[in-house]
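Notes for the one structure printed next.
Predicted model only: the values in this text are computed from it and were never measured. Counting from 1, the numbers follow the sequence of the chain as shown.
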Amino acid sequence: QVELVESGGGSVQAGGSLRLSCVVSGNTKSRNCMGWFRQAPGKEREGVARLDSISTGTWYRDSVKGRFTISQDNANNTVYLQMNSLKPEDTATYYCAAPRDGGPCLIERLAQNSFWGQGIQVTVSS
């Protein structure tokens with residue numbers, strides 16, 4: 001059984017920062033590939049950041065590049081998403097994802113075949 005538990009969300013004003021954490025437990029296929037997604041009300045879930053600690057490094061969607069940073073603490077089985085210079089359009093429920101298989105670490109694959117956390121709310125006010 002794989003469990004992902006997010007924490008660190010909340011409400012901030014525009015320009016502020018938050019750090020999301022995701023603790024992963026259980027037997028995932030790969031701890032070297034993790035991702036963060038978000039879903040705003042009335043919108044589809046979208047990939048935010050992905051970390052491949054073996055080969056391809058990090059990926060970020062264009063709208064968060066330079067503001068968000070994904071990182072991993074293997075000793076504590078935790079993945080982080082540091083979010084700086086937050087904007088109202090970053091408001092969403094954020095989810096971390098761990099792959100169900102050992103295939104390529106692509107955000108598209110994570111979107112389709114992952115274990116998911118329960119989600120955590122991030123609200124940015126203007």
Side-chain angles (χ1 to χ4, degrees):
Q1 182 70 17
V2 175
E3 185 176 28
L4 293 81
V5 179
E6 300 104 337
S7 61
S11 297
V12 296
Q13 290 191 327
S17 297
L18 286 173
R19 188 176 78 158
L20 304 183
S21 300
C22 173
V23 178
V24 184
S25 61
N27 186 22
T28 64
K29 289 294 184 180
S30 173
R31 296 289 178 91
N32 301 312
C33 177
M34 294 292 298
W36 284 96
F37 291 74
R38 68 186 181 188
Q39 187 169 20
K43 296 187 177 181
E44 294 186 354
R45 186 162 54 189
E46 61 184 19
V48 175
R50 180 227 68 203
L51 173 64
D52 179 348
S53 58
I54 293 296
S55 57
T56 60
T58 56
W59 169 91
Y60 299 95
R61 71 180 303 105
D62 287 346
S63 60
V64 308
K65 284 181 181 177
R67 301 188 297 121
F68 290 13
T69 303
I70 186 171
S71 62
Q72 188 173 31
D73 179 353
N74 288 326
N76 292 309
N77 296 321
T78 303
V79 179
Y80 302 100
L81 185 67
Q82 177 67 44
M83 306 185 294
N84 299 327
S85 302
L86 282 161
K87 303 176 180 180
E89 51 264 42
D90 295 319
T91 295
T93 301
Y94 283 71
Y95 302 87
C96 63
R100 289 182 177 269
D101 61 33
C105 186
L106 301 173
I107 198 70
E108 295 83 1
R109 288 179 60 90
L110 282 171
Q112 295 173 6
N113 192 29
S114 287
F115 298 101
W116 297 92
Q118 80 284 359
I120 193 159
Q121 181 66 34
V122 171
T123 303
V124 185
S125 57
S126 58

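- With values rounded to the nearest 0.5 angstrom, Asn77 atom CG is found 8.0 Å from Ser25 atom OG.
- At least one side-chain heavy atom of Phe68 sits under 4.5 Å from a side-chain heavy atom of Leu86.
- Salt-bridge check for Lys65 with Asp62: passed, with a basic side-chain N closer than 4.0 Å to an acidic carboxylate O.
- Linking Ile, Leu, Val, Met, Phe, Trp and Tyr residues whenever their side-chain heavy atoms come within less than 4.5 Å places Tyr60 and Val79 in a single cluster.
- The heavy-atom pair separating Pro88 from Ser126 by the smallest distance is CG-CB, 3.9 Å.
- The shortest side-chain heavy-atom distance between Val23 and Asn76 does not fall under the 4.5 Å cut-off.
- Counting all heavy atoms, side chain and backbone alike, Thr78 lies closest to Ser21 at CG2-CB, 4.1 Å.
- A chain of hydrophobic side-chain contacts below 4.5 Å, direct or via other Ile, Leu, Val, Met, Phe, Trp or Tyr residues, connects Trp36 to Val2.
- Side-chain contact between Leu110 and Pro99 is present, with at least one heavy-atom pair separated by less than 4.5 Å.
- Between the side chain of Gln13 and the backbone N or O of Ser125 there is no donor-acceptor pair closer than 3.5 Å.
- Remark: side-chain polar atoms of Arg109 are paired, donor with acceptor, to backbone N or O of Pro104 under 3.5 angstrom.
- Taken together through direct or relayed side-chain contacts under 4.5 Å among Ile, Leu, Val, Met, Phe, Trp and Tyr, Leu81 and Tyr95 form parts of separate hydrophobic clusters.
- Inter-residue side-chain proximity for Cys96 and Leu4 is flagged as met; some heavy-atom pair is nearer than 4.5 Å.
- Put simply, Val48 and Leu51 are part of the same group of oily side chains (I, L, V, M, F, W, Y) that touch within less than 4.5 Å, one to the next.
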Walk me through whether Asp73 and Ser71 qualify under side chain to side chain contact (heavy atoms under 4.5 Å, CB included). CA-CA 7 Å; Asp73 179 353; Ser71 62; over 6 Å; no
Under the criterion side chain to side chain contact (heavy atoms under 4.5 Å, CB included), I'd like the reasoning laid out for Met83 against Leu20: C-alpha separation, chi angles, the key distance, then a yes or no. CA-CA 8 Å; Met83 306 185 294; Leu20 304 183; 3.7 Å; yes
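- Across Ser85 and Arg67, no two heavy atoms sit closer than the pair O-NH1, 2.9 Å.
- Contact check for Cys105 versus Arg50: side-chain heavy atoms found under the 4.5 Å cut-off.
- Scanning all heavy atoms of the two residues, the minimum distance from Gly47 to Ile107 falls at CA-CG1, 4.0 Å.
- Using modelled atom types, no side-chain atom of Ser114 and backbone atom of Ala111 make a donor-acceptor pair closer than 3.5 Å.
- Minimum interatomic distance between Gly117 and Glu6 (heavy atoms only, all atoms of both residues): CA-OE2, 3.2 Å.
- Phe37 and Val124 fall into different hydrophobic clusters, where Ile, Leu, Val, Met, Phe, Trp and Tyr are joined by side-chain heavy atoms under 4.5 Å apart, directly or via other members.
- With Gln39 contributing its side chain and Lys43 its backbone, the two residues share a donor-acceptor pair below 3.5 Å.
- No side-chain heavy atom of Cys33 sits less than 4.5 Å from a side-chain heavy atom of Asp52.
- Looking at heavy atoms from C-beta onward, Trp59 lies out of side-chain contact with Ile70 at the 4.5 angstrom threshold.
- Arg38 is listed as a side-chain neighbour of Val64, based on a closest heavy-atom distance under 4.5 Å.
- Between atom CE of residue Met34 and atom SG of residue Cys22 there is a gap of 4.5 Å, rounded to the nearest 0.5 Å.
- Across all their heavy atoms, Ser53 and Gln72 have their closest contact at OG-OE1, 3.8 Å.
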